[in-house]
Novice: 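Before we start, here is the structure in question, set down as structure tokens.
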Protein chains: 2
Amino acid sequence: MQYQGHYKNAPKHYLAVDCVIFGYENYELKLLLHKRPIQPQIGGWSLMGGFCGEKEALETAANRVLRQSTGLKDIYLEQVQAFSEPDRDPAARVISVAFYALIRIDKHDAGKVDEMGARWCSLDEVPELIFDHSDIVEKAKERLQMKASLELVGKELLPDEFTLTQLRRLYEAIYQRELDPGNFRKKVLGLNVLERLNTKNTEESKKGAFNYRFRPNSEELNGHERIIKI
Amino acid sequence: MQYQGHYKNAPKHYLAVDCVIFGYENYELKLLLHKRPIQPQIGGWSLMGGFCGEKEALETAANRVLRQSTGLKDIYLEQVQAFSEPDRDPAARVISVAFYALIRIDKHDAGKVDEMGARWCSLDEVPELIFDHSDIVEKAKERLQMKASLELVGKELLPDEFTLTQLRRLYEAIYQRELDPGNFRKKVLGLNVLERLNTKNTEESKKGAFNYRFRPNSEELNGHERIIKI
DNA sequence: CCAAAAGTGTTGAGAGTACACCCATGC
DNA sequence: GCATGGGTGTACTCTCAACACTTTTGG
């Protein structure tokens, strides 16, 4: 710390992370929200968040928040951006760095969620959120759409085995529009990252649909192929 | 500030902005760098940066840094992301939020640049940078490529009037590969955001090429059309 | 049998690519 | 004349979107 003197006139700031936690259930994309337990705006719907520790990377802080609220480790996390309007939090000047996370709802710890007073909300009916959290959700959604258009998402949101219809419904939830079943199937299989299993899922159709899984060591897509035109 | 008590146990952090300033000159994309005037790593090549003020939005801080180093106001700026590895700056724990800026080199204040000990470096031959600034440049470049593929950039980097060849060369510099002149021309004109002027530029060819400019109030592209497949 | 999802095939429109080709002009 | 960039046209390929059609099976 021998040089810190050069910085000592610089102001210091509260620094928080806010996590937009996406999950997929019942053909819907959902968001994990909770009622803010502290002032200001106590009781208002809020993203999961927390302060960044003294010597903690923001990514680490976001992972900590996720573990606390879902019990999960090793979650897929991506930084969205920093939100720094001076008055975004009326109580104090807090800069927040937003992340989005993709969660398998079937795997998460429902107990932890209850304990935090949290709830999964359908993305179509997100309640009014505190501060600028609605803006944060909007940006996170854009980023997720961008990611899903550049590579096949699903590993993080679906069970290990899934049908192509389930995958298509996930994409329909992400883009909030319908996709042609036949064309989606051809496009996705052409990417060569899925592997058909010999088992069938008969829960969602009479005929039964083959299960697929992500090929274990597929070297992902070549470059920047688009899955879905957006 | 009546609620600030809830936050008082949270640590406070130094918060900086670092600007990746892109300019275009002599068929090359360039970066404005300077020799760091303070310890640590005094004299090392560095991005333009500064601390975020007490009540200042990060975007405002970045604009301030830009004005100080180029004399320009109202610059195109986009946030890249926050960099927060605890040891990224060996002197103190500083979180940095990176921005990239697009500058018209012909318009900027060369005097200010000199005064700051700054230099325009070709993007192909960026020297070794301090801290994690090379990572920051890499991310900024990706973001610029993404932006340029989604909408026609140039307003921010080229003179008011320019030829299609100049625009193509800019894109070649951004993507670091050659583009077919005929195809580029057709694609770009099809976007309907350029307006042909009656003047010609004869400096770069014997025949002379028509000047174009961005149509004053064109409502940009429809959705997410791709200019260049990347 | 019927409805509904699974899965395959066909077709046409449009975009991207790789060129060939003429034009204008400074040297 | 010829090299160079400006500018246009063409032809092939590929992808995407729309939709027809067959399969399977529970009710």
Side-chain angles (χ1 to χ4, degrees), chain A residues 26-27 148-152 154 158 161-173 175 177-213 221-230, chain B residues 26-27 148-152 154 158 161-173 175 177-213 221-230:
Chain A
N26 291 336
Y27 310 141
S149 82
L150 291 172
E151 62 185 291
L152 197 58
L158 294 174
E161 304 185 3
F162 51 87
T163 66
L164 291 180
T165 302
Q166 289 169 336
L167 183 60
R168 173 171 54 83
R169 293 225 208 272
L170 168 61
Y171 265 84
E172 290 177 337
Y175 289 111
R177 71 182 163 93
E178 295 201 345
L179 301 171
D180 181 279
N183 294 336
F184 182 81
R185 151 184 302 274
K186 275 174 287 187
K187 175 72 183 170
V188 159
L189 291 180
L191 297 173
N192 223 33
V193 296
L194 296 184
E195 179 172 49
R196 198 177 84 174
L197 305 174
N198 289 321
T199 56
K200 281 201 170 196
N201 178 333
T202 54
E203 283 171 34
E204 298 179 28
S205 85
K206 336 236 171 180
K207 182 177 175 185
F210 278 107
N211 284 314
Y212 287 78
R213 69 170 177 191
L221 295 196
N222 40 327
H224 291 260
E225 200 170 349
R226 309 289 286 190
I227 314 248
I228 302 294
K229 277 230 201 107
I230 54 170
Chain B
N26 291 337
Y27 309 140
S149 82
L150 291 171
E151 60 186 290
L152 196 59
L158 293 174
E161 303 186 3
F162 51 88
T163 67
L164 290 180
T165 301
Q166 288 170 336
L167 183 61
R168 172 171 55 82
R169 293 225 208 273
L170 168 61
Y171 265 83
E172 290 177 337
Y175 289 111
R177 71 182 163 92
E178 296 201 344
L179 301 171
D180 181 279
N183 295 338
F184 183 81
R185 152 184 299 275
K186 273 174 286 187
K187 176 69 185 175
V188 159
L189 291 180
L191 298 174
N192 223 33
V193 296
L194 296 184
E195 179 173 48
R196 198 177 84 174
L197 305 173
N198 290 322
T199 57
K200 281 201 170 196
N201 178 331
T202 54
E203 282 170 37
E204 296 178 33
S205 86
K206 337 240 170 175
K207 180 176 173 183
F210 278 108
N211 285 313
Y212 287 78
R213 67 172 178 189
L221 295 195
N222 40 327
H224 292 261
E225 202 170 346
R226 310 286 286 187
I227 314 245
I228 302 293
K229 277 229 201 109
I230 55 170

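In the text below, chain A, chain B and the rest are named by the order of the sequence lines, each starting its count at 1.
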Novice: In terms of side-chain geometry, is the basic nitrogen of B/Glu195 or B/Arg213 positioned less than 4.0 Å from the acidic oxygen of its partner?
Specialist: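 Salt bridge: yes.
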Novice: Within this structure, what is the CZ-to-P distance between B/Phe184 and D/dG7, rounded to whole angstrom?
Specialist: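 My rounded result for the distance is 13 Å.
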Novice: Tell me the interatomic distance from B/Leu179, atom CG, to C/dC19, atom P, rounded to whole angstroms.
Specialist: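 In whole Å, C/dC19 P and B/Leu179 CG are 15 Å from each other.
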Novice: I want to confirm an ordering. Mapping A/Arg168 and B/Gly208 to their closest nucleotides on DNA chain C, which one lands closer to the 5' end?
Specialist: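 Checking each residue's closest nucleotide, the 5'-ward one belongs to A/Arg168.
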Novice: Looking at D/dT23, does its base get a donor-acceptor pair with the side chain of A/Lys207 below 3.5 Å?
Specialist: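 Such a pair exists between side chain and base.
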Novice: Between atom CZ in A/Phe210 and atom C1' in C/dA6, what is the gap in whole Å?
Specialist: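 In whole Å, C/dA6 C1' and A/Phe210 CZ are 10 Å from each other.
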Novice: Give a yes or no on whether a donor-acceptor pair under 3.5 Å exists between the nucleobase atoms of D/dG6, that is its base, and the side chain of B/Lys200.
Specialist: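 Check fails, no donor-acceptor contact within cut-off.
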Novice: Would you call A/Gln166 and A/Asn201 a side-chain contact if the rule is heavy atoms closer than 4.5 Å?
Specialist: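 A/Gln166 vs A/Asn201: side chains touch.
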Novice: Could you tell me whether A/Thr165 contacts a base, only the sugar-phosphate backbone, or nothing, with contacts defined as non-hydrogen atoms closer than 4.0 Å?
Specialist: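 Sugar-phosphate contact only - A/Thr165 comes under 4.0 Å of backbone atoms but never of a base.
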Novice: To the nearest angstrom, how far is B/Arg196 atom CZ from D/dG7 atom C1'?
Specialist: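 Checked: the CZ to C1' distance equals 10 Å.
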Novice: Examine B/Arg168 relative to B/Phe184 and say whether NZ or CZ is less than 6.0 Å from the centre of the six-membered ring and inside a 45° cone about the ring axis.
Specialist: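 Relative to the ring axis of B/Phe184, which defines the angle, B/Arg168 lies outside at least one limit.
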Novice: Quickly work out the B/Arg177 CZ to C/dG16 C1' distance and round it to whole Å.
Specialist: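 After rounding, the reported distance stands at 11 Å.
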Novice: Rounded to the nearest angstrom, tell me the gap between atom CD in B/Glu203 and atom P in C/dC27.
Specialist: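 So the two atoms are 13 Å apart, to the nearest Å.
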Novice: Looking at the side chain of B/Lys206, which of C/dG26, C/dA6, D/dG5 is the nearest nucleotide?
Specialist: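 It is C/dG26.
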Novice: Looking only at the side chain of B/Lys187 (C-beta and beyond, no hydrogens), which of the listed nucleotides C/dG16, C/dA6, C/dG26 gets closest?
Specialist: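 Looking only at side-chain atoms, B/Lys187 lies closest to C/dG16.
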Novice: Taking all non-hydrogen atoms of both residues, which atom of B/Glu172 and which atom of B/Leu179 are closest, and how far apart?
Specialist: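 It is OE2-N, 2.9 Å.
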Novice: Does the base of C/dG9 carry an N or O that pairs as donor and acceptor with the side chain of A/Lys186 under 3.5 Å?
Specialist: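 Counting by modelled atom types and ignoring angles, a donor-acceptor contact under 3.5 Å is found here.
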Novice: Would you say D/dG6 has OP1 or OP2 under 4.0 Å from some side-chain N or O of B/Arg185?
Specialist: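 B/Arg185 to D/dG6 OP1/OP2: no side-chain N or O under 4.0 Å.
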Novice: Please state how far atom CD in B/Gln166 lies from atom P in D/dG5, giving the value in whole angstrom units.
Specialist: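 Taking CD of B/Gln166 and P of D/dG5, I get 13 Å after rounding.
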Novice: Which is true for A/Thr163 with a 4.0 Å heavy-atom rule: it touches a base, it touches only sugar-phosphate, or it touches nothing?
Specialist: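 If one applies the 4.0 Å heavy-atom cut-off, A/Thr163 turns out to touch nothing in the nucleic acid.
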Novice: Could you give the OH-to-P distance, from A/Tyr27 to C/dA5, as a whole number of Å?
Specialist: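 These atoms are roughly 9 Å apart.
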Novice: If you check the A/Asp180 side chain, which of D/dA18, D/dG6, C/dA6 turns out closest?
Specialist: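 The answer is D/dA18.
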Novice: Pick the closest DNA chain C nucleotide for A/Glu204 and for A/Asn183 by heavy atoms, then say which residue is nearer the 5' end.
Specialist: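 Going by which nucleotide is closer to the 5' end, it is A/Glu204.
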Novice: Going by the side-chain contact (heavy atoms from CB on, under 4.5 Å) test, name the single residue among B/Val193, B/Leu189, B/Leu167 that passes it with B/Tyr212.
Specialist: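 With B/Tyr212 as partner, B/Val193, B/Leu189, B/Leu167 yield a single side-chain contact (heavy atoms from CB on, under 4.5 Å), made by B/Leu189.
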